[in-house]
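Read through the structure below, which is laid out as structure tokens, and then see the notes.
All ligand and atom numbering here is 1-based and tracks the order in the structure.
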Amino acid sequence: MTDDSYILSDPKTGTQVELPVHRGTLGAPTLDISNLYRDTGMFTYDPGFVSTASCHSSITYIDGDEGVLLYRGYPIEQLAEHCSFIEVSYLLLNGELPKPEQLTAFRSKIVHHTMVNEQMKSFFTAFRYDAHPMAIMVGAVGSLSAFYHDALDVHDPEHRELSAYRLIAKIPTIAAASYKHNIGEPFVYPRNDLGYCANLLRMMFSVPAEPYEANDVSVRALNLLFILHADHEQNASTSTVRLSASSGANPYACVAAGIASLWGPAHGGANEAVLSMLSEIGTVDNIGPFIDKAKDKDDPFRLMGFGHRVYKNYDPRAALIRTICHEVLDGLGDDADPLFELALKLEEIALQDEYFIERKLYPNVDFYSGIIYKALGIPSSMFTVMFAIARTTGWVAHWMEMMADPGQRIGRPRQLYDGSARRDFVGMDKR
Ligand code: SDX
């Protein structure tokens, strides 16, 4: 970071405050306001953190105006074309693309942590059969710290690395168990001879009664989707993980908090909400009334899978996922999914509407992903779980980056207080 400064002056008193400016490798420079309250007695006010950089990071860069997404400097399009998800996970955690021997060693470490403690089985069966899989994920991932006392010192790099491997390795096993519990089928153990995505599909879809082998189209599609969902700078769930971890909480509890945040329909829960929305729209003729609802300020309805806090251009991931949609539907021999045709028409109509153009609202990562998951036989209740599996790598990468920073301190924002001024207690007889 290179520094220069910015002068803030109060026109009433003429007092001035010099604020250091930090400039990163790419993107907007930042005003360092860490001493603002000490020097002026004032806080900044930024609900939703629209103009706030909460940290410095070298993991992911987004240019929202240009629709650019880089993982450790590499364009997402190139990583999607050339890498496996495990290779991208190595890149996000370590900062460089792995050499062959490094990738082999990393894959082996992940593979040897895919099983969960057998006692966790009763944990899953304790949930109602129809519990939402994300509810099970929050509980099951949070409970992992009850099993792994041997590596919970968050200030020990070796403990951090072991916990990182455990989380990335076990999240598909827990996700598949959540699904199997929902459908009343026996849990399937992971297999060490299968790749990350093939293993997940087998744990979800195989049954003891017959052999199962994931088809290549599904494995390739899942690999691409996981790469595209792996990380995304300081989004709500990643910021939740960072803030939780800032108190020194263990990584399993922090990732469970991230899963909870991701579940919201304004965030990762949108992919499930898009499928419900498309099913409710039903036909092309019905698109108009839904677009009108989305534009109606008195109607809380929003076009799910559209808009983004950062992207004011097409989300590069949505463009890639739309392409994969075509390939998956062709490859699986599905008759073109009517919901995909409907989604394409909805995008076309919305992007010609002044309301969306003026507000720079484009399809985001969640708009098309559910179409693919559905084509792979994954139920909509599992769509956000799939997002959580991929994003666990990003959450863990940010957690490791933050905990390795010697300047790391607990996050403790302030507020603009607009409640009652001091007043005395009023007895019951006088209320
Ligand atoms: C993800 O942050 C990340 O990086 C997230 C993510 C990741 O990888 O981690 O990319 C994943 O969460 C993608 C977003 C998934 N959510 C949805 O698809 C839900 C639908 N989208 C919206 O709820 C909304 O666009 C958000 C939450 C995504 C962004 O909200 P902002 O930044 O607070 O935007 P805003 O509410 O200030 O909207 C600006 C204007 C408003 O209108 P005006 O008040 O200016 O008239 O655009 C309107 C909004 O009403 N608007 C929409 C809209 N999104 C914004 N109007 C209709 N439909 C929409 N989807």
Side-chain angles (χ1 to χ4, degrees), residues 27 46-54 57 59-65 67-71 76 88 92 134 225-242 258-278 281 287 289-321 343 346-347 349-351 353-371 383-384 386-395 397-398:
D46 184 17
F49 309 124
V50 178
S51 304
T52 294
S54 60
S57 176
I59 297 172
T60 291
Y61 174 71
I62 305 172
D63 182 330
D65 296 328
V68 168
L69 172 57
L70 310 176
Y71 287 169
I76 192 69
V88 169
L92 288 171
M134 283 297 277
L225 285 170
F226 282 1
I227 288 172
L228 298 177
H229 285 80
D231 192 53
H232 211 238
E233 202 214 60
Q234 304 308 322
N235 57 84
S237 52
T238 300
S239 299
T240 300
V241 170
R242 278 180 171 261
I259 293 171
S261 171
L262 184 74
W263 194 4
H267 192 11
N271 56 16
E272 181 178 354
V274 165
L275 256 290
S276 311
M277 176 185 73
L278 291 174
I281 293 174
I287 288 177
F290 273 82
I291 295 261
D292 294 340
K293 269 172 66 75
K295 291 155 59 174
D296 178 356
K297 286 298 157 215
D298 297 327
D299 190 322
F301 173 77
R302 286 196 163 175
L303 214 51
M304 301 317 282
F306 255 77
H308 199 278
R309 171 62 58 77
V310 177
Y311 288 122
K312 301 310 171 190
N313 199 324
Y314 214 99
D315 182 334
R317 302 167 297 175
L320 287 165
I321 293 173
L346 173 56
E347 172 190 340
I349 295 172
L351 294 186
D353 187 295
E354 198 44 47
Y355 174 93
F356 292 87
I357 296 169
E358 190 184 309
R359 291 166 179 79
K360 299 182 178 178
L361 303 176
Y362 292 87
N364 59 48
V365 68
D366 291 308
F367 189 62
Y368 288 107
S369 55
I371 308 276
F383 289 179
T384 310
M386 307 308 278
F387 196 151
I389 294 171
R391 190 53 58 89
T392 294
T393 289
W395 290 329
H398 281 271

*Return the set of residues passing side chain to side chain donor-acceptor pair (under 3.5 Å) with Asp231 (not counting sequence neighbours), or none when no residue passes.*
Thr60, His398
*Who are the side chain to side chain donor-acceptor pair (under 3.5 Å) partners of Asp298, not counting sequence neighbours?*
none
*Side-chain touch Lys293/Leu303, heavy atoms, less than 4.5 angstrom*: no
*Polar proximity ligand 1 side, Val365 side, N/O cut 3.5 Å exclusive*: no
*Hey, does Phe387 come in under 3.5 Å of ligand 1, counting only N/O atoms on both sides?*
no
_Pair His232 and Tyr311, ring centroids less than 6.0 Å apart_ = yes
_Is_contact(atom 6 (C) of ligand 1), protein non-hydrogen, under 4.0 Å_ = yes
*asked:* For atom 20 (C) of ligand 1, what is the closest protein heavy atom, and at what distance to 0.1 Å?
replied: Phe306 O, 3.4 Å
*Which is it for Lys297 and ligand 1 at heavy atoms under 4.0 Å: side chain, backbone, both or neither?*
side chain
*Flag Ala266 as yes when one of its N or O atoms lies below 3.5 Å from any N or O atom of ligand 1, and as no otherwise.*
yes
_Does the structure place the NZ or CZ of Arg359 under 6.0 Å from the centre of the six-membered ring of Tyr355, at an angle of no more than 45° from the ring's axis?_
yes
*For ligand 1, is Val310 a contact, meaning one of its heavy atoms is under 4.0 Å away?*
no
*Whether Pro265 lies under 4.0 Å from ligand 1, heavy atom*: yes
*State, with a plain yes or no, whether a side-chain heavy atom of Ile371 is found less than 4.5 Å away from one of Leu278.*
yes
*Under 4.0 angstrom from atom 37 (O) of ligand 1, is there any protein heavy atom?*
no
*Of the protein's non-hydrogen atoms, which lies at the shortest distance from atom 2 (O) of ligand 1, and what is that distance?*
Asn235 CB, 3.5 Å
_Residue Phe301 excluded, over 12 heavy atoms near CZ under 6.0 Å_ = yes
*Out of curiosity, is Arg391 lining ligand 1, as in a heavy atom under 4.0 Å away?*
yes
_Can you name the atoms of ligand 1, numbered from 1 with element, that are less than 4.0 Å from a heavy atom of His308?_
2 (O), 3 (C), 4 (O), 5 (C), 6 (C), 10 (O), 13 (C), 25 (O), 28 (C)
*Please step through side chain to side chain donor-acceptor pair (under 3.5 Å) for the pair Ser51 and Asp46, ending with a clear verdict.*
CA-CA 7 Å; Ser51 304; Asp46 184 17; 4.6 Å; no
*Can you tell me which residue and heavy atom of the protein come closest to atom 58 (N) of ligand 1, and the distance to 0.1 Å?*
Leu303 N, 3.0 Å
_Side chain, backbone, both or neither: Arg359 near ligand 1, heavy atoms under 4.0 Å_ = side chain
*asked:* Which heavy atom of Leu92 sits nearest to which heavy atom of Ala230, and what is that distance?
replied: CD1-CB, 3.7 Å
_Strictly below 4.0 Å, N to O, side chains only: are Asp65 and Lys312 in salt-bridge contact?_
no
*So, is Gly305 polar-close to ligand 1, with some N/O to N/O distance under 3.5 Å?*
yes
_atom 28 (C) of ligand 1 - nearest protein heavy atom and its distance_ = Gly307 O, 3.7 Å
*Does Gln234 come within less than 4.0 Å of ligand 1, judged by its heavy atoms?*
no
_Distance flag for atom 34 (O) of ligand 1, protein heavy atom under 4.0 Å_ = no
*Classify the contact between Lys295 and ligand 1 as side chain, backbone, both or neither, using a heavy-atom distance cut-off of under 4.0 Å.*
neither
*ligand 1 versus Tyr355, non-hydrogen atoms closer than 4.0 Å: side chain, backbone, both, neither?*
side chain
*Tell me which part of Leu361 gets within contact of ligand 1: side chain, backbone, both or neither, using heavy atoms under 4.0 Å.*
side chain
*When Arg317 is tested against each of Leu225, Asp366, Ile227, Leu69 for side-chain contact (heavy atoms from CB on, under 4.5 Å), which residue passes?*
Leu69
*Take His267 and Ser237, measure what side chain to side chain donor-acceptor pair (under 3.5 Å) needs, and give me the verdict at the end.*
CA-CA 8 Å; His267 192 11; Ser237 52; 2.8 Å; yes
*Out of Met304, Arg302, His232, whose heavy atom is nearest to atom 19 (C) of ligand 1?*
Met304
*Any protein heavy atom lying closer than 4.0 Å to atom 13 (C) of ligand 1?*
yes
*Where the closest heavy atom to atom 29 (C) of ligand 1 is concerned, which of His267, Arg309, Glu358 has it?*
Arg309
*What residue and heavy atom of the protein are closest to atom 15 (C) of ligand 1, and at what distance?*
Asp366 OD2, 3.2 Å
*Phe306-Tyr362 aromatic ring centre distance below 6.0 Å*: no
*Quick one: which of Ala294, Ala318, Ala350 has a heavy atom closest to atom 57 (C) of ligand 1?*
Ala294
*Evaluate the side-chain proximity of Met304 to Leu275: yes if any heavy-atom separation is below 4.5 Å, no if none is.*
no
*Kindly indicate whether the side chain of Ile321, heavy atoms from C-beta on, has any atom under 4.5 Å from the side chain of His229.*
yes
*Close side-chain approach of Arg242 and Ser57, heavy atoms under 4.5 Å*: yes
*Contact atoms of ligand 1, heavy-atom distance to Ala270 under 4.0 Å*: 15 (C), 16 (N), 17 (C), 18 (O)
